[in-house]
Amino acid sequence: MMVKIIQVIAWISGSLVLCFVAFLVWASLSNLNSDLCTPVEIKGNDHQTYADSGIINLISWNIGYCGLGKEMDFFYDGGTKTRCSIEQYQSYLNGVFNILASLKNIDFCLLQEVDLDSKRSYYT
């Protein structure tokens, strides 16, 4: 009797695995017909062509949710806090805004750890 139960469980498990593998194969094959490149229509006359100069300026900056200054005792670094005081946060946020405003020749700005309406950034 126990052998029969184990066989039924094995058949059900095998069938589920086979169905999952079949789904993955179907999903992969049905997605092969998508276009690799999608043309983008540029509207208006105010656009820049980067292909002429070949140079694109960008900045990638982890702003640490404007809460990881040198005074911060962050718990991942062995400290105890998860956020700084609201005064420090406002100071760091203003500093980020000032630096970003001073970047005149940057084509792309990639910011990491930007919070939106979260507790650690005081819901700003």
Side-chain angles (χ1 to χ4, degrees):
M1 182 69 171
M2 189 65 144
V3 173
K4 285 281 192 190
I5 293 174
I6 292 173
Q7 285 178 342
V8 169
I9 291 173
W11 276 103
I12 292 172
S13 299
S15 298
L16 289 175
V17 169
L18 185 64
C19 287
F20 182 70
V21 169
F23 169 74
L24 290 179
V25 169
W26 171 79
S28 296
L29 293 177
S30 66
N31 207 12
L32 288 178
N33 295 331
S34 65
D35 294 332
L36 294 177
C37 296
T38 304
V40 176
E41 180 183 343
I42 299 175
K43 296 181 179 181
N45 295 327
D46 190 25
H47 64 276
Q48 294 177 320
T49 303
Y50 297 104
D52 295 340
S53 67
I55 296 174
I56 296 174
N57 296 310
L58 68 92
I59 182 172
S60 176
W61 183 14
N62 183 340
I63 63 169
Y65 65 89
C66 295
L68 295 177
K70 64 182 178 181
E71 301 88 9
M72 180 60 171
D73 184 28
F74 193 55
F75 75 101
Y76 272 152
D77 298 329
T80 58
K81 298 179 183 175
T82 58
R83 66 180 184 166
C84 61
S85 69
I86 192 165
E87 293 82 16
Q88 287 175 326
Y89 171 76
Q90 286 296 330
S91 173
Y92 299 149
L93 181 64
N94 291 335
V96 168
F97 285 153
N98 290 337
I99 290 173
L100 291 176
S102 70
L103 301 174
K104 302 294 182 197
N105 296 325
I106 301 297
D107 299 311
F108 295 98
C109 182
L110 309 171
L111 298 178
Q112 300 171 36
E113 290 193 38
V114 177
D115 279 359
L116 179 65
D117 196 30
S118 70
K119 181 179 178 180
R120 70 180 183 176
S121 60
Y122 297 93
Y123 300 101
T124 55

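Just the heavy atoms: all of them, side chains too, but no hydrogens, waters or symmetry mates, feed the values below. Not measured: the values here are computed from a predicted model.
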Inset, instruction - Identify whether V114 and L100 are in the same connected component of the hydrophobic contact network (ILVMFWY, side-chain heavy atoms under 4.5 Å). - result: yes

Legend entry - same_hphob_cluster(W11, I6) at 4.5 Å side-chain heavy-atom cutoff: no

Legend entry - Flag if over 12 foreign heavy atoms under 6.0 Å of CG, L116: no

Legend entry - Residues which pass ring pair (Phe, Tyr, Trp, His ring centres under 6.0 Å) with Y89, listed by chain and number, not counting sequence neighbours: Y122

Legend entry - ILVMFWY network linking L18 to W26, side-chain heavy atoms under 4.5 angstrom: no

Inset, instruction - Determine, using the 4.5 Å side-chain heavy-atom cutoff (strictly less than), whether L111 and L103 are members of one ILVMFWY cluster. - result: yes

Legend entry - Contact summary for S60 and Q112, nearest pair of heavy atoms: OG-NE2, 3.4 Å

Inset, instruction - Please list all pairs passing the side chain to side chain donor-acceptor pair (under 3.5 Å) test where one or both residues lie in residues 91-100, with sequence neighbours left out. - result: E71-Y92

Legend entry - Backbone N/O of N57 and side chain of D107: donor-acceptor pair under 3.5 Å: yes

Legend entry - Closest heavy-atom pair and its distance - S118, D115: OG-OD2, 2.8 Å

Legend entry - S13 side chain to A10 backbone, donor-acceptor under 3.5 Å: no

Inset, instruction - Locate the shortest heavy-atom distance separating C84 from G67; write the atom from each residue and the value. - result: SG-CA, 3.7 Å

Inset, instruction - To the nearest 0.5 angstrom, please state how far the CD1 atom of I63 sits from the CZ atom of F97. - result: 8.0 Å

Inset, instruction - Mind checking the CG-CD spacing from L68 to Q88? Nearest 0.5 Å is all I need. - result: 11.0 Å

Legend entry - Distance in Å, E113 CD paired with S121 OG, rounded so as to fall on 0.5 Å steps: 11.0 Å

Legend entry - Reported SG-to-CZ distance for the pair C66 and R120, which is rounded to 0.5 angstrom: 10.5 Å

Inset, instruction - Would you give the length of the straight line joining atom CD1 of I59 to atom CG of L110, rounded to the nearest 0.5 angstrom? - result: 9.0 Å

